[in-house]
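Here is the structure we will look at.
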Number of protein chains: 2
Amino acid sequence: MTKDIEQRLKNKNINPTAMRLLVLDFLMQQNTAISLNDLEKGMGPSDRITLYRTLKTFEEKGLVHHIDGGTGTTKYALCLEECDSDHHHDLHVHFYCNNCKETFCLPNTKNPEITLPKKFRSEEMNLVIKGVCDLCNPD
Amino acid sequence: MTKDIEQRLKNKNINPTAMRLLVLDFLMQQNTAISLNDLEKGMGPSDRITLYRTLKTFEEKGLVHHIDGGTGTTKYALCLEECDSDHHHDLHVHFYCNNCKETFCLPNTKNPEITLPKKFRSEEMNLVIKGVCDLCNPD
DNA sequence: ATAATGATGCAATGCTATTGCAATGTTCAT
DNA sequence: ATGAACATTGCAATAGCATTGCATCATTAT
């Protein structure tokens with residue numbers, strides 16, 4: 001098992017240290033995007049800054065991506081698509097539940113095509129939809 | 001002139017104080033969304049917190065909207081559509097220029113329709129495209 | 001005139017993100 | 001094995017934005 005996780009790090013050219021294995025393992029258990037705080041609470045006692053840098057390293061190497069979408073705090077989630085250091089394929093839409101405050105990746109959605117005004121060139125796109133998620137929806 | 005601005009405040013049920021007239025006047029001169037810092041620098045000497053609360057009041061009353069889009073700082077711009085206290089018509093897309101760091105409203109764009117997974121209900125949408133704006137584009 | 005309400009200004013705080021630096025661990029050539 | 005070079009970690013500290021509490025001043029209604 002640990003081998004899998006280790007290999008996943010190596011595939012991305014990330015040195016598989018103990019801390020990183022733990023963080024990746026934790027991330028793989030999540031089904032929502034998590035904040036640095038969530039990570040800190042979820043893991044055993046560990047240094048916040050180290051976790052911060054671990055996430056940053058993961059992101060640089062294309063293992064996780066972060067979502068900003070106006071919740072005040074940055075959230076992180078494992079990349080589902082094949083990303084690499086150069087190109088983050090921010091292809092999917094994110095969803096923030098106003099009720100449970102969770103942020104979800106919606107891997108089955110695609111970022112839409114937007115026609116920009118003349119001479120505007122698009123490089124990336126951040127689309128966050130806010131509303132009520134399936135678990136919080138009474139219907 | 002001042003009459004116009006004053007009326008615009010009254011239309012939104014905002015008490016037209018001197019400070020508010022100044023802030024609205026300043027906002028009307030902008031063609032990009034501005035941060036609290038921009039506002040503070042752009043206006044004469046005035047209290048940062050008062051400006052903060054002025055923007056907040058404006059937003060509550062549907063006169064301005066804010067954009068979050070992952071630039072770290074919140075930016076504000078006048079509402080172009082008809083918004084009211086209850087419903088902010090966040091209908092248009094925003095654009096952040098990686099070069100000049102300005103945030104633009106793109107009033108001629110519409111937020112796209114996204115098909116959400118079952119039982120997800122959308123309430124609002126925040127779409128920020130990052131890239132290079134017309135003025136920074138060499139072509 | 002006075003009470004009540006709203007607006008402003010100052011002080012202070014909380015929180016997230018971020019950097020500097022020292023200590024520790026790891027790798028590799030000799 | 002030894003030491004140099006480098007990567008990782010942990011602690012301390014800082015920066016910056018957002019936000020609240022409270023006192024003061026202005027405005028309005030009675």
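Numbers restart at 1 for each chain; the letters A, B, ... are given by sequence-line order, proteins then strands. Note that these values count all heavy atoms, side chains included, but never hydrogens, waters or copies made by symmetry.
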With sequence neighbours left out, the residues meeting side chain to side chain contact (heavy atoms under 4.5 Å, CB included) with B:Asp25 are B:Ile5, B:Gln29
Nucleotide by nucleotide, nucleotides 21-30 of chain D touches protein heavy atoms under 4.0 Å in the pattern (B base, S sugar-phosphate only, - none) B---------
With heavy-atom distances below 4.5 Å as the criterion, would you say the side chains of B:Thr17 and B:Thr54 are in contact?
no
Of the listed C:dG9, D:dT9, D:dA18, the closest approach to the B:Asp47 side chain comes from C:dG9
Taken to the nearest whole Å, CZ/A:Arg48 to C1'/C:dC15 is 9 Å
When rounded to whole Å, the CD1 to P distance for the pair A:Ile14 and D:dT8 reads 10 Å
Assign each of A:Thr57 and B:Lys56 the nucleotide of DNA chain D bearing its closest heavy atom; nearer the 5' end lies the nucleotide of A:Thr57
With the side chain defined as heavy atoms from C-beta on, B:Thr17 is closest, among C:dT8, D:dT9, D:dT19, to C:dT8
A:Leu21 CG to D:dT8 C1', in whole Å, measures 13 Å
A:Val93 backbone acceptor or donor facing A:Thr109 side chain under 3.5 Å: yes
- Query: Are B:His94 and B:His65 an aromatic pair by the rule of ring centers under 6.0 Å?
  - Reply: yes
Residues at least two apart in sequence or cross-chain that pass side chain to side chain contact (heavy atoms under 4.5 Å, CB included) with B:Lys56, listed by chain then number, are B:Tyr52, B:Glu60
Whole-Å distance, A:Lys61 NZ to D:dA7 C1', equals 11 Å
In whole angstroms, the gap separating P of C:dA7 from CG of B:Leu22 amounts to 16 Å
Among the clusters formed by ILVMFWY side chains lying less than 4.5 Å apart, do B:Leu27 and B:Leu51 turn up in the same one?
yes
Just distance, no hydrogens or angles: give the donor-acceptor pairs under 3.5 Å from side chains in residues 114-122 of chain A, sequence neighbours left out.
unit_1   : atom_1 : unit_2   : atom_2 : d
A:Lys119 : NZ     : B:Asp139 : O      : 3.4
A:Arg121 : NH1    : A:Glu123 : OE2    : 3.3

Whole-Å distance, B:Glu40 CD to D:dC17 P, equals 10 Å
The complete set of salt bridge (Lys or Arg N to Asp or Glu O under 4.0 Å) pairs with one or both residues in residues 34-52 of chain A, sequence neighbours excluded, reads A:Glu40-A:Arg48
Would you tabulate the pairs of protein nitrogen or oxygen atoms and nucleotide nitrogen or oxygen atoms of nucleotides 14-16 of chain D closer than 3.5 angstrom?
none

Separation of C:dT16 atom P from A:Leu55 atom CG, nearest Å, is 14 Å
A:Tyr52 atom OH is separated from D:dT8 atom C1', nearest whole Å, by 16 Å
Practice task
Have a look at B:Thr74 and say if it touches a base, only the backbone sugar-phosphate, or nothing, with a 4.0 Å heavy-atom cut-off.
Solution key: sugar-phosphate
Notebook entry, point to check: Any sub-3.5 Å donor-acceptor pair from A:Arg20's side-chain atoms to A:Ile14's backbone N or O?
Noted result: no
